[in-house]
Amino acid sequence: MRLNPSFLALAWALAMPAFAQTAEPQPTGAADCKAQEAVLERDMALARSRGQMLRRRQLGEELDALLARCKSLTPAQGREARIEKLQQEIRTLRAELERAEEQLRSLKSGSP
């Protein structure tokens, strides 16, 4: 039995979202939650505009699960993320300060 290539393409297109769902990254903070929420809402609108109501419903379920995961993020995780961000900012500022001090030393040593 020989399958029509267009049938195979359609079957593949329908199967891809199921594979993509397993590789979806888990949100680590409020910004990740908002970004993933925006992507899912955009995809839902696109599916609705194309008349893909099953896909739209699946995306709605993914959105509900995402919102539940985002609500379950503990404040400690948010606090840890803020601490890490501030520590990274401090490292960056220290590196800039060291570069500026080096430039100042070289200017002072090179001028009379």
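These numbers come from a predicted model, not from an experiment.
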Q: Within this structure, what is the CZ-SG distance for the pair Arg69 and Cys33, rounded to the nearest 0.5 Å?
A: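 Here the rounded value is 8.0 Å.
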Q: With a 3.5 Å cut-off and sequence neighbours excluded, list the donor-acceptor pairs that the side chains of residues 96-103 form with protein atoms.
A:
residue	atom	partner	partner atom	Å
Glu102	OE1	Arg105	NH2	3.0

Q: At what distance, to the nearest 0.5 angstrom, does CG of Leu59 lie from CZ of Arg57?
A: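 One gets 11.5 Å once the value is rounded to the nearest 0.5 Å.
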Q: Output the distance between atom CG (Asp64) and atom CD (Glu61), rounded to the nearest 0.5 Å.
A: 7.5 Å
Q: What side-chain donor-acceptor pairs closer than 3.5 Å can you find for residues 40-52, not counting sequence neighbours?
A:
residue	atom	partner	partner atom	Å
Ser49	OG	Leu46	O	2.7

Q: Just verifying a value: how many Å separate Arg56 CZ and Gln58 CD, rounded to the nearest 0.5 Å?
A: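 Answer rounded to 0.5 Å: 11.5 Å.
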Q: The criterion is salt bridge (charged side-chain N to carboxylate O under 4.0 Å, His left out); which residues satisfy it with Lys85, sequence neighbours excluded?
A: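 So Lys85 forms no salt bridge (charged side-chain N to carboxylate O under 4.0 Å, His left out) with any residue.
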Q: Nearest 0.5 Å, what's the OG1-CD distance between Thr92 and Gln87?
A: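 Going from the OG1 atom of Thr92 to the CD atom of Gln87 covers 12.0 Å.
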Q: Which residues pass the side-chain contact (heavy atoms from CB on, under 4.5 Å) test with Leu86, not counting sequence neighbours?
A: Glu89
Q: List for me each residue that meets salt bridge (charged side-chain N to carboxylate O under 4.0 Å, His left out) alongside Glu84, sequence neighbours excluded, and say none if there are none.
A: Arg91
Q: When rounded to the nearest 0.5 angstrom, what distance separates SG in Cys70 from CD in Glu37?
A: 7.5 Å
